[in-house]
S.K.: 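Have a look at this one.
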Amino acid sequence: MDEYDYINIEERWRKEWEENDIHKTKKDEEKTPFYVIFAYPGISGFLHLGHMRCYTYTDIIARYKEMKGYNVLFPGGTHPTGNQAISLSKKLREGDEEKISYMKKNGASQEDIERMKDPEEVVKYFNELYKKDYWKKFGFSMDLDYFTYTTREDYKKFIDWQFRKLKEKDLLIQKPYYGTECVECGPVAVDPSETDLSKGGTAEKQEFTLLKFEYGNRYVTAATLRPETVFGQTNLWVDPEVEYVVVKVDDEEWIMSEEAADKLKYQKGSIEKIDTVKGESMIGDSVKAPGIKRDIVILPASFTDPDFGTGIVTSVPSDAPYDWIALKDIKDDEELKEKYSLDIEELEPIDIIESDQWGTSSAEKIIQEMDIGSQEDEEKLEEATKKIYKSGFHTGKMLDSCGDYAGMRVQEAKEKIKEDLIEMGKADVIYDLSEEAICRCGGKVVVGKIPDQWFIRYSDRELTEDSIEHVKNMTVKPQSYADNLPTTVEWFRDRSCARKGNWMGTEFPFDEGWLVEAIADSTLYPAFYVIARHYNKGDIEAEQMNEEFFDFVFLGEDDAEEVSKSTGIPQGKLREIRSDFEYWYPLDLNLGGKEHMTVHFPVFLMNHVAVLDKEDRPRGIFVNWWLVGKGGKISKSKGGAEPIQDAAERYGVDALRLFYAHSASPFVDKEWSEEEAFNYQRKLNSFWDLVESIRDMDGQKKEIDDYLKSRFNELVKRYHEVMDDYEIRKGANIAFYDLPSEIDWYLKRGGQNSALLNELGEKIVRMITPFTPHIAEELADRWKVEFVTKEPLPRYEEDEFDPEAEAREEYIKRVHSDIKSILDIADVEGNKIYIYVAEGWKKKALDRIMKEKDKGMGIMGELVKEMDAPSKELAPFVKEALDDVTKKKDQKLLKADFEEKEVLERSKEYLEKSFEAEVKIADAGGEDHYDPKGRASKSKPKKPAIYIE
RNA sequence: GCGGGGGUACCCGAGCAUGGCCAAAGGGGCAAGGCUUAGGACCUUGUUGCGUAGGCAUCCGAGGGUUCAAAUCCCUCCCCCCGCACCA
């Protein structure tokens, strides 16, 4: 018996598949096509075990469909669009130690690093790495002849065409936009995945109302998220230590922190710094507060952050816990008051809002309730602020102190006051991030105004309605997402689709200097893989891919002759490409992580609806959740971050694939666990041993064979059901757990039919193939199967279903378990076991009772006459039997028709061995059997009486 | 706030649509025993309590209801998680 040597086995089959072109895919009109992709990865560096989860699901589905007889296309590509490659090579050029050691640790050589100082080389390097070290290494059945990436010339032609179509359909517009951008390299995404960032992924873009306080001929500015609180203003907070700047905005002079001014220029265009003013010099002065006819005083504070808002804060002590406590502190600080000669005894909070939970004076109340002692207790103050805001925003009403706004709900007043203040020229709107964010290139991330941003008009009514209509007919997994997707599409707003700056991608066709944004160029790409294959073969050139070409291939417009003239591509070739597209499209399934639910999948869908013909709209979406490290993101310290090639060797590719497939449903986040990965390695080991031991059997047919055949057959049926529904985990469970445990049981019960075991052994190997193809090929090899990958899956056979055989086996299992429970509690030696099968009259009576259970105990009378039974026993038996029958308990077993005594006799050996005891079987009604305690009379059909001594 | 998903034994996790073989699959962990080594093993058994006869009691977030019968259906409450946009 050979050992399971996964390293060599996996190596061997990778080679065999490659050398025999096993994954090459071509059109075959005889077969139904099945086209599946995963959302291609960006070029962001080395991938980790988390990324492989989605790809593995895709491969499992692709392989399953293939073995079901579909002609499967499973291509792949990459998405270098963006600035990730650029910033990586920039870091390498700068000799960034951390980056270089990261590259080396993941296997990059010195030469690799040298050449990657050119961003194009970064793309090439990772393209090859993804293909070879990730996808092929994992045994994916991808056909990489279809490979493409988004910064290649041919792909750019495709994107160019797509945008022309969108324009034709009037789906491109321009309007102003405030977006997050890096001051060095242009627009970046601020999001928790931190694709573009090195810090600050959880920052939120916030809209502030910029309040302007008249201060001589200048304005002091303060940014607030709560313009509705202006009526409660009592003072301004300024840090005496900070040097503020005076900037010229239009014709006005504004005072704010230097950081704020730096950020503001991205929103206001050029602003000019004309002066500086030290915070200290303003303390004690009065300013005229906007929106209210009152002067308020400038007071010193240290909690203001020059890098947040304008660095100057307006104070509303009634509703802002920070302000309340700062005001209290300053009132108690005699020294400070002396220093700035402040007279602030009169300064008291002004109630402006009444909410359900806090009533009025909410800041004071919450500070007492939460027992907040000082300004320094920032954590508690943040929490208090949030609580008050939440309650105030949803349930609050403006009080009489709020002038015209008195009585309004806070939600309304907020908008109204903001608008009115802006109208009166006493306020403006600015944007800022809730926390600091830093780009991967090291630049600071700010919010900038783009006056003429290009958008794709996803809000279009017709497009939205069409898309929603289509979604309803798609296969979307999981169900919760299927339920949500129509709402998501409905709610999908216009989305910016072009950008400027340091960026790899396609030039925007209608505006020089703009490049197509990263999401906008990856919506229709499954269609392009079909063309990429012909480009890769060298049959067509990028320059030949003009508008007519794509119109012809994707939309079937124009005739081949004309298109051939304008493109220079032979007519035959054009027709071939068009028919490839017609054959493969629409896409059957697109798989991606849960991060795509609200961005990628909706645009993927809507662009298909907008650009392609109705029959080419995608048929399915499969969303998988993430693999996470302990307590969150995958990282070095939390696990899952080791290089994929290392993991593949350590655990084995098949073990990892099984880990993904079986350790959790695809629709939950799964915590990475080394332990579990090793467990799956061991699982494969024992699977291997089981199959090997099966092959050594040389016995003949026995009764138990029928049971195994029947159970196996049922599980095959179930396997197809769950796999057709993409229930990958359940499928793996049947193949790796349910089926082997049935075989285990069969062997335990003395089954050893060589022919049957070999037949089923081969079938089960086929069933594991989609999950763990390497070990499957190796095992299938024993049966001289050339490539199990290319073999069909076993099918459900109606005539092998044998409920009687299953009932008989169930019967034995029960007798076994009854004996066992008696042995567990009874104080007996257990050397001899007597089993008494129920008398014939009991069986007859039971049959009658089952047929006429509606009669209840009324049936007694009839039975007394008909049955030749001891009257003392009949009554209690009927009562119990009625109970059993109405409880629906054990119906299958009760209805089964077999001779209990014979079945027991045939299983006697098993029972004796199992309990190491002598087993004797007798008829309960018999005359001369040994039964010292009179147990026999307790026998019931399918539940024999037992006596043990 | 808007939208969605959940709470099952030590842990993970099935079951819930179609109430009844559900003291509740499977895996992991743990414990006991076996094997004496395929060692980051393997095999058996146990893992709510009680019970010297195959049984009984209690149990699926909490409380209530419907029913002959509830993890499953209905109501109320508590708690947790996810998405909310320029991230493929």
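Please read these numbers as outputs of a predicted model, since none were measured by experiment. To find a chain, count down the sequence lines: A is the first, B the second, and so on, and within it residues start at 1.
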S.K.: Reckon Phe492(A) touches a base, only the sugar-phosphate, or nothing at all at heavy-atom distances under 4.0 Å?
M.R.: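 Here Phe492(A) touches the bases of the nucleic acid.
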
S.K.: Lys730(A) side chain: which of rA53(B), rG15(B), rA88(B) is closest?
M.R.: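 Nearest to the side-chain atoms of Lys730(A), counting from C-beta on, is rG15(B).
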
S.K.: When we call it a touch if two heavy atoms are under 4.0 Å apart, what does Ala518(A) touch: a base, just sugar-phosphate, or nothing?
M.R.: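 Sugar-phosphate: the residue Ala518(A), judged by heavy atoms under 4.0 Å, touches backbone atoms but no base.
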
S.K.: CZ of Arg718(A) versus C1' of rA14(B): gap in Å, rounded?
M.R.: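 Distance, rounded to whole Å: 11 Å.
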
S.K.: Is it possible for you to check whether Arg53(A) lies under 6.0 Å from the centre of the six-membered ring of Tyr660(A), through NZ or CZ, and within 45° of that ring's axis?
M.R.: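 The answer is no, since Arg53(A) fails at least one limit relative to Tyr660(A).
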
S.K.: Closest approach to the side chain of Asp818(A), judged atom by atom: which nucleotide of rA85(B), rA14(B), rG54(B) is it?
M.R.: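 Of all the options, the side chain of Asp818(A) is nearest to rG54(B).
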
S.K.: What does Ile948(A) touch in the nucleic acid at a heavy-atom separation under 4.0 angstrom: a base, only the sugar-phosphate, or nothing?
M.R.: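 Answer is base: heavy atoms of Ile948(A) come under 4.0 Å of a base.
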
S.K.: Does Lys594(A) count as lying over the ring of Trp626(A), i.e. NZ or CZ under 6.0 Å from the six-ring centre, within 45 degrees of the axis?
M.R.: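 Because its charged atom sits under 6.0 Å from the ring centre and within 45° of the axis, Lys594(A) does stack over Trp626(A).
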
S.K.: With a 3.5 angstrom cut-off on both distances, give the Watson-Crick or G-U wobble partner of rG29(B), or none if there isn't one.
M.R.: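 Paired with rG29(B), as far as the under-3.5 Å criterion goes, is rU47(B).
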
S.K.: Using a heavy-atom cut-off of 4.0 Å across all strands, would you classify Tyr947(A) as base, sugar-phosphate, or nothing?
M.R.: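 Base, at least one base heavy atom under 4.0 Å.
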
S.K.: Determine the interatomic distance between C1' on rA32(B) and the same-named atom on rC81(B); round to the nearest Å.
M.R.: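 One C1' to the other, the span is 39 Å.
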
S.K.: May I ask you to say what Pro944(A) touches in the nucleic acid, namely base, sugar-phosphate or nothing, with a heavy-atom cut-off under 4.0 Å?
M.R.: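 Touches a base.
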
S.K.: Which nucleotides of nucleotides 1-6 of chain B have their base under 4.0 Å from a protein heavy atom (B), which only their sugar-phosphate (S), and which neither (-), written as one string 5' to 3'?
M.R.: S-SSS-

S.K.: Just to be sure I understand the rule, does Phe667(A) reach a base, reach only the sugar-phosphate, or reach nothing, if contact means heavy atoms closer than 4.0 Å?
M.R.: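 Nothing, no heavy atom under 4.0 Å.
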
S.K.: Measure the distance from OH on Tyr149(A) to P on rA88(B) and round it to the nearest whole Å.
M.R.: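 That distance rounds to 18 Å.
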
S.K.: On the side chain of Thr598(A), is there an atom forming a donor-acceptor pair with the base of rC84(B) - under 3.5 Å, no angle test?
M.R.: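 Counting by modelled atom types and ignoring angles, no donor-acceptor contact under 3.5 Å is found here.
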
S.K.: Provide the distance between the two C1' atoms, one in rG20(B) and one in rG4(B), to the nearest whole Å.
M.R.: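 Their C1' atoms lie roughly 33 Å apart.
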
S.K.: Atom CD of Glu674(A) to atom C1' of rG40(B): distance rounded to whole Å?
M.R.: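 In whole Å, rG40(B) C1' lies 10 Å from Glu674(A) CD.
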
S.K.: If pairing requires Watson-Crick or G-U wobble contacts with both distances under 3.5 Å, which nucleotide is the partner of rU67(B)?
M.R.: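 Across all strands, not a single nucleotide pairs with rU67(B).
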
S.K.: Could you check how far CG of Asp689(A) sits from C1' of rA38(B), rounded to whole Å?
M.R.: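 It works out to 7 Å between those atoms.
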
S.K.: Just checking Asn679(A): base, sugar-phosphate only, or nothing, at a heavy-atom cut-off of under 4.0 Å?
M.R.: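 Counting heavy atoms under 4.0 Å across all strands, the contact made by Asn679(A) is with sugar-phosphate only.
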
S.K.: Any side-chain donor paired with an acceptor under 3.5 Å for Glu949(A) and Asn831(A)?
M.R.: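 The criterion, which ignores hydrogens and geometry beyond distance, is not satisfied for Asn831(A) and Glu949(A).
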
S.K.: Measure centre to centre between the rings of Tyr525(A) and His79(A), then say whether the value is under 6.0 Å.
M.R.: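 No, too far apart.
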
S.K.: Please give, in whole Å, the distance from rC86(B) P to Tyr458(A) OH?
M.R.: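 Taking OH of Tyr458(A) and P of rC86(B), I get 15 Å after rounding.
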
S.K.: Flag this pair as yes if the NZ/CZ of Lys683(A) is under 6.0 angstrom from the six-membered ring centre of Phe659(A) and inside a 45 degree cone about the axis; otherwise no.
M.R.: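 No, cation not above the ring by the 6.0 Å, 45° rule.
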
S.K.: Within the 4.0 Å heavy-atom criterion, would you say Trp625(A) contacts the bases, only the backbone, or no part of the nucleic acid?
M.R.: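 Counting heavy atoms under 4.0 Å across all strands, no contact is made by Trp625(A).
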
S.K.: Rounded to whole angstroms, how far apart are CD on Glu727(A) and P on rG13(B)?
M.R.: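 After rounding, the reported distance stands at 15 Å.
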
S.K.: CZ of Arg493(A) versus P of rC84(B): gap in Å, rounded?
M.R.: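 About 12 Å, once rounded to whole Å.
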
S.K.: For this output row, return yes or no: ring centroids of Trp514(A) and Phe508(A) closer than 6.0 angstrom.
M.R.: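 No, the ring centres sit 6.0 Å or more apart.
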
S.K.: For a quick check of understanding: with a heavy-atom distance under 4.0 Å over all strands, which category does Arg682(A) fall into, base, sugar-phosphate or nothing?
M.R.: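 Since only primed, P, OP1 and OP2 atoms lie under 4.0 Å of Arg682(A), the category is sugar-phosphate.
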
S.K.: Asp5(A) has an atom CG; how far is it from atom P of rA38(B), in whole Å?
M.R.: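 Going from Asp5(A) (CG) to rA38(B) (P), I get 16 Å.
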
S.K.: Establish, from distance only, whether the side-chain atoms of Glu900(A) and Tyr811(A) form a donor-acceptor pair under 3.5 Å.
M.R.: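 Side chains of Glu900(A) and Tyr811(A): pair found under 3.5 Å.
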
S.K.: Hey, is the side chain of Arg495(A) poking within less than 4.0 Å of OP1 or OP2 on rC86(B), counting only N and O atoms?
M.R.: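 No.
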
S.K.: Just call it for Lys820(A): base, sugar-phosphate, or nothing, with non-hydrogen atoms closer than 4.0 Å on any strand.
M.R.: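 Counting heavy atoms under 4.0 Å across all strands, the contact made by Lys820(A) is with sugar-phosphate only.
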
S.K.: At under 4.0 Å between heavy atoms, what does His79(A) touch on the DNA or RNA strands: base, sugar-phosphate, or nothing?
M.R.: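 His79(A): backbone/sugar contact only, no base atoms under 4.0 Å.
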
S.K.: For the ring pair (Phe, Tyr, Trp, His ring centres under 6.0 Å) test, which of Tyr431(A), Trp454(A), Phe455(A) pairs with Tyr177(A)?
M.R.: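 The ring pair (Phe, Tyr, Trp, His ring centres under 6.0 Å) with Tyr177(A) is passed solely by Phe455(A) among Tyr431(A), Trp454(A), Phe455(A).
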
